[in-house]
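Notes for the one structure printed next.
Side-chain atoms are counted along with the backbone in the values below, which use heavy atoms only and exclude waters and symmetry mates. Being a predicted model, the structure only gives us computed values, none of them experimental. Whatever order the structure lists them in is the order used to number ligands and atoms, beginning at 1.
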Amino acid sequence: MASDKGMRVQVAVRLRPALNPNEQRANRCVSGIDNKSLEIWNWRNTDQSLRFEFDAFYGADSQQKDIFKKSVRPLLAHPLEGQNVSVFAYGPTGAGKTFTMLGTQKNPGIIPRSLFTLFREIQRRERNATSSEWKYAVSFSYLEIYQEKVYDLLEIKSHDLPIREDQNHNIFIPNLTSKTISSVQEFQALFEPASKNRTTAATKLNSRSSRSHSVLLVKVEKSRETERELKTQVGKLYLIDLAGSENNKKTGNQGIRLKESGAINMSLFQLGKVVDALNQKLPRIPYRDSKLTRLLQDSLGGHAHACMLTNIAPEEEFYMDTYTTLNFAAKSRNVVNKPFVREISETKKPAKKRSLSSHDDKVTTKKPKLNTEDKDRIIPQVEVSSLIRRQETFEEKVKSRLDNLEQNLLQHLTKVTSRPGTSGQPSGTQQKLEQGFADVRRLQQEIASVNKVLREKQNEKKDVPKALIKPWRSSETPGGERSHLSSASTKFEGSKKAKNGEKYQTGKIQFAKVKSVQDFDNKENASIIRLDPEFRQKHAASILHLLNTGTVKQLKSLQSVGEKRAQLIHNWRQMFGEFTRIEDLNKVTGLPQKTVNLIIQNNLIAVDA
Ligand SMILES: Nc1ncnc2c1ncn2[C@@H]1O[C@H](COP(=O)(O)OP(=O)(O)OP(=O)(O)O)[C@@H](O)[C@H]1O
């Protein structure tokens with residue numbers, strides 16, 4: 001049942017089998033966990049993998065029929081009941097979108113299976129129908145969206161087509177060709193040449209190719225005539241093969257290709273925003289921001305049913321595409337950023353030198369029951385997942401690709417946030433962001449080494465250092481700006497005490513700057529540092545407001561947010577829209593969980609009077 005604010009979009013992920021079977025095991029960067037989740041290398045922290053959970057996960061061994069049966073077939077009853085459905089394949093080029101949607105003659109995909117199922121169900125219903133029951137008519141249209149323009153693929157026209165909305169909020173395209181069909185065979189006879197049209201058209205126009213979104217629209221119109229009235233219902237089924245999401249990386253950055261790349265990215269970005277807004281049940285869904293989402297307005301969200309089939313590839317060379325694709329898809333699901341589960345097993349082999357020794361303290365232990373004799377001979381050894389093992393060389397091996405990805409991201413962000421520099425020179429924004437990424441990496445290393453020292457100290461059972469609390473003066477904020485929180489609440493004018501660090505009283509709220517998250521966790525300091533529940537919520541809201549509206553300069557007024565982090569937050573917001581919770585900061589590329597914790601805690605901490 002649809003809620004008032006709209007249906008959730010189901011998100012399924014399909015992992016394509018490795019195309020070169022010899023490389024299948026050794027060369028993979030992603031692997032399935034169960035029928036809902038998978039894990040992928042975390043390039044920012046080789047000690048972790050990232051675990052993503054979706055509505056469904058289909059591993060490399062999955063068959064076309066599995067995806068159809070579980071993720072698509074349950075939706076097909078809806079167009080027969082006058083409701084709208086959209087199913088779209090998303091993912092990088094070569095990850096299997098077309099295979100999933102169209103398939104081959106031997107292995108038919110979602111499109112032929114859906115048409116077959118629809119007709120079979122209609123025939124079944126009509127066979128059993130009496131004269132007063134519903135009659136069904138099926139028609140279809142086939143179009144593509146290329147560079148934010150809609151083109152008819154059933155009949156090539158010299159111009160693009162507009163998208164309109166009628167009084168009942170139904171979306172339609174005037175003059176879009178629609179063909180009535182009564183069987184799968186009739187459909188195929190029209191659809192196949194239309195697909196070729198698309199390719200031919202692409203050649204003629206010099207770059208329409210697969211860099212467009214192809215949209216198959218199947219309309220089921222049912223009517224029932226009684227003595228008193230004629231009732232009709234129309235249900236729409238959209239089956240969409242989206243443009244490859246990584247094309248921006250491969251198409252260079254000049255002329256038509258740059259434009260094309262921008263259009264693909266922008267419409268996928270807008271689609272992501274719509275999916276995210278629907279799944280977060282936001283009051284405003286930004287359908288109008290792209291042609292694709294505008295077209296899907298009555299078939300995505302509201303009372304419509306939708307499924308995003310996300311295709312990914314297992315090969316290491318696809319790592320960054322897979323990583324970004326999953327992040328895009330996971331905006332609709334929970335991202336679980338956990339240390340990869342590693343276990344110590346007992347083995348009779350002599351211990352080898354462990355390359356992950358710096359992380360040994362995180363390893364969980366599973367001790368089998370041993371007899372005394374065994375105990376003497378057995379030396380514990382860390383067994384790591386093949387994914388983790390591969391990650392040992394990860395930074396070195398794919399560094400240049402990661403840098404490339406960042407460059408591409410930078411280019412995209414630059415495009416969004418400022419005008420590109422002239423003569424191929426990077427713009428000021430780009431340079432700042434490049435600097436930002438470098439600094440983020442450096443910061444991560446620093447955080448990792450600080451954490452390592454702290455862990456070692458804890459292991460030695462030494463006293464945890466006391467919380468270092470220093471007064472938070474507005475003059476400390478970068479650029480001498482007044483802190484957002486201080487200005488949002490009240491002035492720092494209350495009492496000042498020296499005990500356990502200085503603190504300022506602001507009538508009801510007191511703030512302190514805590515040196516590290518560990519300080520906050522320290523039990524000894526628990527009595528002097530506390531969150532004031534009465535005001536936490538209010539200030540969380542004010543911080544969220546700042547995150548969603550602040551300029552880079554304003555974002556810098558947050559504790560633990562300097563120029564680079566402010567840039568990252570700002571640019572993420574530009575790309576993916578508003579944060580719904582402060583914790584969403586962990587979605588920002590370049591802000592690891594620890595930094596996010598630091599930002600959250602340092603901005604919400606109040607000190608006991
Ligand atoms: N599940 C699968 N099983 C076997 N082969 C597959 C599977 N998925 C994809 N392939 C093969 O991988 C190759 C790339 O797949 P496909 O063309 O569907 O990718 P795509 O994402 O649609 O790419 P593009 O965006 O370029 O159209 C094809 O040769 C296809 O047959």
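- By the 3.5 Å distance cut-off applied to N or O atoms, T100 is not counted among the residues near ligand 1.
- The closest approach between a heavy atom of G91 and any atom of ligand 1 is not below 4.0 Å.
- Near R16, with a cut-off below 4.0 Å to any heavy atom, the atoms of ligand 1 are 8 (N), 9 (C), 10 (N), 12 (O).
- Of all the heavy atoms of A60, none lies under 4.0 Å from any atom of ligand 1, so neither backbone nor side chain is involved.
- A donor-acceptor distance shorter than 3.5 angstrom exists from the side chain of T293 to the backbone of Y287, with no hydrogens or angles considered.
- In summary, of the residues considered (R14, K106, K69, R113), a side chain to side chain donor-acceptor pair (under 3.5 Å) with Q64 occurs for R14 alone.
- Polar contact with ligand 1: absent for P17 (N/O pair, distance under 3.5 Å).
- At least one heavy atom of L19 sits less than 4.0 Å from an atom of ligand 1.
- Atom NZ of K179 sits in a sparse spot, with 12 or fewer heavy atoms from other residues, nucleotides or ligands closer than 6.0 Å.
- Across L242, V13, V11, T100, a single residue satisfies side chain to side chain contact (heavy atoms under 4.5 Å, CB included) together with L309, and that is T100.
- F318 carries R16 over the face of its six-membered ring, with the cationic atom under 6.0 Å from the centre and within 45° of the normal.
- When only interatomic distances are considered, the shortest N/O to N/O separation between D241 and ligand 1 does not fall below 3.5 Å.
- Using the six-membered ring where Trp is involved, Y142 and F191 have ring planes that are tilted, between 30° and 60° apart.
- When K97, R14, M101 are checked for heavy-atom proximity to atom 1 (N) of ligand 1, R14 turns out nearest.
- Atoms of ligand 1 lying under 4.0 Å from any heavy atom of T98, numbered from 1 in the order shown and given with element: 18 (O), 20 (P), 22 (O), 27 (O).
- Side-chain contact of Q123 with R120: a donor-acceptor pair under 3.5 Å is absent, judged by distance alone.
- In summary, the atoms of ligand 1 found under 4.0 Å from a heavy atom of P92, numbered by their order in the structure, are 21 (O).
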